[in-house]
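Contents: one structure, followed by commentary.
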Amino acid sequence: MKRIALFAMTFVMTMMVSIPASAISWGVKGGLNFVDNNLNNITMDAVKNKDSYTGFFIGPMAQMKLPLGFGIDVSAMYSQKGINIASGETVKEQAIAIPLMARWQFSLGQVIGIFAQAGPQVNFNLGDLTTAVKDQYAQFVLNRSVWNFDLGLGVELFSHLQFAVNYNLPLSNDGTFNALKDGFGDSQTVENSFKSSTLQLQLSYKF
């Protein structure tokens with residue numbers, strides 16, 4: 001799946017080069033991340049999910065018009081996600097998120113347009129990738145890059161303001177959870193991978 005996503009990104013970038021500048025609109029995009037972390041394979045009670053984590057994303061975007069209502073949406077955003085765990089701590093994921101979305105839009109008069117979008121996204125995690133769990137000989141280790149596939153529906157108003165709901169399906173693990181198998185006295189470690197899916201509420205403005 002990651003190879004397919006990489007191929008899709010390469011294909012979209014190739015198309016962008018051939019699109020005239022007059023067909024490109026620039027803007028800004030932001031919104032909220034509602035994160036659902038899959039920690040079902042982790043047995044340590046101290047790190048079981050406490051509740052979902054709400055983060056945010058923001059950054060510039062470019063949208064390119066193609067014939068028959070089709071288009072391309074490219075963004076580079078700062079994105080914050082995380083994991084709330086039972087011990088009361090939070091494992092934060094800060095990343096540069098780059099989604100490349102294919103879009104199809106149809107208009108309802110001069111004011112409203114409805115669009116659907118889908119495409120791959122790669123997140124490049126920033127900063128310290130390792131978080132220790134308080135009072136436990138355990139840690140979360142994030143992967144440097146994470147792949148998702150995004151699906152979304154939205155509404156455009158007055159050809160500038162856009163509202164969308166996206167769902168990010170994980171194509172790769174977010175990282176691993178590492179802990180001593182039997183506590184401090186055992187040198188053997190247990191390594192469990194984990195991943196997250198994200199529901200996004202998105203607001204965009206085209207200049």
Side-chain angles (χ1 to χ4, degrees), residues 1-2 4-5 8-9 11-12 16 24-40 49-66 68-84 90 92-125 145-174 194-207:
M1 291 296 293
K2 287 192 292 184
I4 296 175
M9 280 190 155
F11 176 75
V12 170
M16 287 173 57
I24 300 177
S25 299
W26 299 92
V28 64
K29 178 184 297 183
L32 297 176
N33 291 319
F34 299 96
V35 185
D36 180 17
N37 297 285
N38 182 0
L39 303 181
N40 295 332
N49 285 60
K50 182 181 179 183
D51 50 32
S52 61
Y53 182 90
T54 302
F56 68 93
F57 59 93
I58 189 169
M61 71 173 188
Q63 292 184 348
M64 287 134 284
K65 289 185 178 180
L66 299 174
L68 302 177
F70 289 96
I72 298 171
D73 183 304
V74 183
S75 307
M77 301 177 294
Y78 171 79
S79 178
Q80 186 186 87
K81 296 166 51 177
I83 306 169
N84 288 331
T90 299
K92 289 187 178 181
E93 299 182 49
Q94 302 179 78
I96 298 299
I98 304 177
L100 295 178
M101 309 283 277
R103 289 166 50 100
W104 181 72
Q105 179 170 324
F106 66 95
S107 297
L108 300 174
Q110 300 295 319
V111 176
I112 299 177
I114 297 176
F115 61 88
Q117 55 188 9
Q121 174 177 311
V122 59
N123 297 340
F124 297 102
N125 284 319
S145 61
V146 179
W147 287 86
N148 300 318
F149 190 84
D150 300 348
L151 300 168
L153 291 172
V155 176
E156 181 177 276
L157 302 176
F158 305 105
S159 300
H160 291 285
L161 190 63
Q162 301 175 355
F163 302 90
V165 177
N166 298 324
Y167 190 71
N168 303 159
L169 298 167
L171 297 180
S172 63
N173 294 320
D174 282 28
F194 64 94
K195 61 180 63 176
S196 62
S197 55
T198 306
L199 179 68
Q200 294 181 321
L201 298 183
Q202 174 188 301
L203 175 63
S204 308
Y205 186 82
K206 293 192 302 182
F207 302 127

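In this structure the side chain of Ser197 reaches within 4.5 angstrom of the side chain of Tyr167, judged on heavy atoms. Residues Asp174 and Ser196 have side chains in contact (heavy-atom distance under 4.5 Å, counting atoms from C-beta outward). The shortest distance between side-chain heavy atoms of Phe158 and Ile112 does not fall below 4.5 Å. With a 4.5 Å cut-off on side-chain heavy atoms, Asp73 and Met61 count as touching. Counting heavy atoms from C-beta outward, Gln121 and Ser75 have side chains that stay 4.5 Å or more apart. Taking 4.5 Å as the limit, some side-chain heavy atom of Leu108 sits within range of a side-chain heavy atom of Ile114. Side-chain contact between Asn123 and Asn148 is present, with heavy atoms from C-beta onward closer than 4.5 Å. Side-chain contact between Tyr53 and Lys92: present, with at least one pair of heavy atoms (C-beta onward) separated by less than 4.5 Å.
With a 6.0 Å radius and a threshold of 12 heavy atoms from other residues, nucleotides or ligands, Lys206 has its NZ atom above the threshold.
No side-chain donor-acceptor contact under 3.5 Å links Gln80 and Glu93.
Between Gln202 and Ser204 the shortest heavy-atom distance is NE2-OG, 3.3 Å. Nearest heavy-atom pair, Trp147 versus Ser172, reported as atom, atom and distance to 0.1 Å: N-OG, 2.9 Å. Of all heavy-atom pairs between Gln117 and Asn166, the closest is NE2-OD1, 2.9 Å. Between Phe57 and Leu201, the shortest heavy-atom distance links the atoms CZ-O, 3.8 Å.
Ring centers of Phe56 and Tyr78: under 6.0 Å apart, within the cut-off. A ring-centre distance under 6.0 Å is found for Phe106 and Trp104.
Taking the six-membered ring where tryptophan is involved, the planes of His160 and Tyr205 are essentially parallel, since the angle between them stays under 30° and well short of 60°.
Formation of a donor-acceptor pair under 3.5 Å by the Thr198 side chain with backbone atoms of Asn168 is not found in this model.
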